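One is the number of the first residue; the rest follow in order along the sequence. Keep in mind that what you see is a predicted model, and the values were worked out from it rather than measured.
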Amino acid sequence: MGVGAGEVESPLLHALPAVRRTGTVWTAAAHIITGVVGSGVLSLAWSMAQLGWIAGPLAMLCFASITLVSTFLLCDCYRSPHPEFGPARNRSYLEAVHTTLGT
């Protein structure tokens with residue numbers, strides 16, 4: 001499972017170099033709206049057809065709350081406190097894992 005002799009590590013696992021962020025509030029809002037509306041519209045017909053009028057909306061609310069909790073957890077991982085150097089910004093998911101696990 002580790003890198004042996006003659007094997008090469010995947011370049012995707014390395015931290016990304018600092019890039020200039022060009023997003024605005026409008027682009028962030030557009031991405032959020034397309035993600036929420038897209039998943040809501042696609043799941044609405046299936047949940048109503050398969051589960052009925054009572055269990056369908058309840059299942060959608062349950063999955064929406066799970067999505068909300070996971071979103072908050074990912075947002076908390078973006079900026080995390082460092083014990084020695086103060087707040088740190090994690091530029092990738094792998095950096096957040098290394099910061100959290102202390103490796």
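Here the closest heavy-atom approach between residue Leu51 and residue Gly56 is recorded as CB-N, 3.6 Å. The two residues Gly52 and Pro57 come nearest to each other via the heavy atoms O-CD, 3.8 Å.
In this structure, Trp26 shares a hydrophobic cluster with no other residue, the cluster being traced through Ile, Leu, Val, Met, Phe, Trp and Tyr side chains under 4.5 angstrom apart.
No side-chain heavy atom of Ser65 sits less than 4.5 Å from a side-chain heavy atom of Val69.
Contacts of Ser70 classified as side chain to side chain contact (heavy atoms under 4.5 Å, CB included), with partners at least two apart in sequence or in another chain: none. Ile54 pairs by the side chain to side chain contact (heavy atoms under 4.5 Å, CB included) definition with Leu58, not counting sequence neighbours. With sequence neighbours left out, Leu61 forms a side chain to side chain contact (heavy atoms under 4.5 Å, CB included) with no residue at all.
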